[in-house]
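Letters A, B, ... mirror the listed sequences (proteins, then strands); counts begin at 1.
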Amino acid sequence: MNYWLVKSEPGSYSWDEFVKDKTTDWTGVRNYGARNNLQAMKKGDLVFFYHSLEGLKIMGIGKVVKESFYDPTTENPAWVAVTLKAEKKLKNPVALKDLKADHRLKDMALIKNTRLSVQPVKPSEWEIIMQYAG
DNA sequence: GCCAACGTTGGC
DNA sequence: GCCAACGTTGGC
């Protein structure tokens with residue numbers, strides 16, 4: 001099983017909306033690096049749901065319930081989507097500044113490549129973040 | 001195939 | 001609101 005992180009601006013799609021929807025199709029990715037990560041997701045993989053721009057926190061965990069398929073929001077077959085299910089809310093959302101303060105996480109894409117909207121998370125990084133989440 | 005120009009993302 | 005980082009586009 002692999003771990004991932006996706007970003008969403010709460011102004012356009014928030015964790016609360018995700019919980020209300022129960023599942024959502026992760027469409028609209030238009031970046032090749034992020035697309036490659038979407039394609040690599042397998043059923044059962046877990047995904048941190050991060051609020052960018054406002055909040056700047058990891059809010060909860062989603063689960064991949066459908067592997068990549070052509071993104072129906074575009075005609076261009078280069079782009080794909082996956083279906084995510086809202087799995088678990090973090091007891092304590094983990095803020096970006098806490099991640100930045102932990103040198104063990106300094107290589108995370110969230111910190112090193114701030115613009116990548118779908119990114120892999122190492123198992124060791126996942127463990128550390130889960131400890132912060134309580 | 002290189003690189004300048006431009007657009008977008010996202011933290012501060 | 002600003003700006004750094006980075007991806008994409010297009011001229012040559």
Would you say A:K89 has more than 12 foreign heavy atoms packed within less than 6.0 Å of its NZ?
no
Discussion item. Would you say A:T27 and A:D71 are linked by a side-chain donor-acceptor pair, where the criterion is simply a distance under 3.5 Å?
Written reply: no
| task | Please state whether the rings of A:F18 and A:Y13 are parallel, tilted or perpendicular, taking 30° and 60° as the class boundaries. | result | tilted
### Message
What I want to check is whether the side chains of A:R30 and A:T73 have a donor and an acceptor closer together than 3.5 Å.
### Response
yes
Requested in this report: Assess whether atom CZ of A:F69 is packed by more than 12 heavy atoms of other residues, nucleotides or ligands within 6.0 Å.
Outcome: yes
Rounded to whole Å, the CG-P distance (A:N31 to B:dT9) equals 10 Å
Would A:S124 and A:E127 count as having a side-chain donor-acceptor pair, cut-off 3.5 Å? no
Detail all sub-3.5 Å separations between protein N/O atoms and N/O atoms belonging to nucleotides 10-12 of chain B.
unit_1	atom_1	unit_2	atom_2	d
B:dG10	OP1	A:K7	NZ	3.4
B:dG11	OP1	A:Y50	OH	3.0
B:dG11	OP2	A:L53	N	3.1
B:dG11	O3'	A:K100	NZ	3.4
B:dC12	OP1	A:K100	NZ	2.4

In short, A:L110 meets A:T114 closest at the heavy-atom pair O-CG2, 3.7 Å
Output a table of nitrogen or oxygen pairs between the protein and nucleotides 2-4 of chain B separated by less than 3.5 Å.
none

* To do: Check the side chains of A:N37 and A:W4 for a donor-acceptor pair under 3.5 angstrom, ignoring hydrogens and angles.
  => no
